[in-house]
2 protein chains.
Amino acid sequence: MDTVSSSKQLPQPDRDEIRIDAVLQALGEPVRLLIVRTLADVPGGIACGELDLPVTASTRAHHLRTLREAGVLTTHTDGTRRISALRRDDLDALYPGLIDGVLAAKR
Amino acid sequence: MDTVSSSKQLPQPDRDEIRIDAVLQALGEPVRLLIVRTLADVPGGIACGELDLPVTASTRAHHLRTLREAGVLTTHTDGTRRISALRRDDLDALYPGLIDGVLAAKR
DNA sequence: GTCGAAGTTCGATAGGCGTCGTACTATGGA
DNA sequence: TCCATAGTACGACGCCTATCGAACTTCGAC
């Protein structure tokens with residue numbers, strides 16, 4: 001048993017471990033880009049199931065893992081749900097303007 | 001015969017045809033990212049052969065084509081040489097901050 | 001305890017693509 | 001005209017990965 005029962009943070013790279021190659025490769029996939037743009041509108045994060053994506057649950061889990069391991073988003077548990085949120089502060093600090101530029105895209 | 005003999009522009013998408021998906025996918029490859037970061041230091045552009053890359057000439061041509069078709073760089077001929085340059089103005093207009101953010105990356 | 005819901009993990013599959021060597025084109029110089 | 005140089009085009013190969021279904025885990029509710 002543990003004093004901290006709920007809301008555990010899933011493993012993710014520290015800010016200084018984030019690599020630009022991994023971030024860009026993660027963003028360079030349509031479904032993952034859609035996830036990022038969706039999360040950008042919900043600063044508090046969102047549960048996986050809330051995402052409206054044209055793929056199955058297992059594929060969605062795969063993409064969320066890829067984004068998390070690249071350092072693009074953070075995930076913590078809330079019961080059986082997993083809440084994911086953009087790591088805007090870290091990304092803005094490392095690559096100022098990058099996320100803003102991506103989000104500015106209309107097409 | 002042609003009035004304009006040298007310096008032809010190779011086909012590339014217009015600014016309004018550039019898609020964020022294609023740009024990010026193009027940037028999400030180590031060799032191509034290296035090309036972009038190199039070109040960022042040479043506003044006037046650079047010949048393919050001048051690039052110091054860990055791949056053969058044919059692979060380099062492939063990457064340059066990918067970047068050009070994505071709208072990341074422009075290429076014009078100069079004799080047998082092909083001079084490539086970053087399309088900073090277009091990219092900055094479409095995705096303000098994106099290129100700056102990428103170039104800000106130390107790692 | 002039992003059940004259902006939310007997500008992950010595993011294995012398999014298929015398509016995409018980064019890589020190379022070779023052949024080819026084109027331009028400029030001797 | 002002939003040749004060397006710069007670069008592209010093509011075909012093949014192998015790896016990477018996006019995708020899925022099915023089995024598994026975890027948590028909350030009853």
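- When side chains are defined from C-beta on, A:C48 counts as touching A:L64, because their heavy atoms get closer than 4.5 Å.
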Using salt bridge (charged side-chain N to carboxylate O under 4.0 Å, His left out), reason through A:D100 and A:R88 one step at a time and then give a plain yes or no. CA-CA 10 Å; A:D100 288 334; A:R88 287 210 70 149; 2.7 Å; yes
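- Taking atom CD on B:E69 and atom P on C:dG18, their separation rounds to 12 Å, with Å as the unit.
- At whole-Å resolution of the value, CZ in A:R81 and P in D:dA29 are 12 Å apart.
- Considering only heavy atoms from C-beta on, B:T74 comes within 4.5 Å of B:Q9 through its side chain.
- Within the 4.0 Å cut-off from OP1 or OP2 of C:dA6, not a single side-chain nitrogen or oxygen of A:R60 is found.
- Heavy-atom contacts from other residues, nucleotides or ligands closer than 6.0 Å to CG of A:D52 number 12 or fewer.
- With rounding to whole Å, B:E50 atom CD is found 15 Å from D:dT5 atom P.
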Considering only nitrogen or oxygen atoms on both sides, find all protein atoms under 3.5 Å from nucleotides 1-4 of chain D and state each distance.
none

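- In this structure, CG of B:L64 is placed 17 Å from P of C:dC17, rounded to the nearest angstrom.
- Regarding B:R68, its CZ atom lies at a distance of 10 Å from the C1' atom of D:dT8, rounded to whole Å.
- With rounding to whole Å, A:H76 atom NE2 is found 13 Å from C:dT8 atom P.
- Rounded to an integer number of Å, the gap from A:I83 CD1 to C:dG7 C1' is 12 Å.
- At least one side-chain nitrogen or oxygen of A:R82 sits closer than 4.0 Å to the OP1 or OP2 atom of C:dT8.
- Note that CG of A:L24 is 5.5 Å distant from CG of B:L27, once rounded to the nearest 0.5 Å.
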A:K8/A:D78 under salt bridge (charged side-chain N to carboxylate O under 4.0 Å, His left out): CA gap, chis, key distance, verdict: CA-CA 8 Å; A:K8 292 181 186 174; A:D78 174 33; over 6 Å; no
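- Within the 4.5 Å cutoff, no side-chain heavy atoms of A:Q25 are placed close to those of B:Q25.
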Please report the C-alpha distance between A:V23 and A:Y95 in whole Å, then the side-chain angles of each, then the deciding distance to 0.1 Å, and finally whether the side-chain contact (heavy atoms from CB on, under 4.5 Å) criterion is met. CA-CA 10 Å; A:V23 171; A:Y95 321 117; 4.1 Å; yes
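- Among B:L86, B:L53, B:T66, the single residue meeting the side chain to side chain contact (heavy atoms under 4.5 Å, CB included) criterion with B:I35 is B:L53.
- Atom CG of B:L10 and atom P of C:dT27 are 12 Å apart (whole Å).
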Under 4.0 Å protein heavy-atom contacts per nucleotide of nucleotides 10-24 of chain D, with B for base, S for backbone only and - for none: -------SSBBBB--
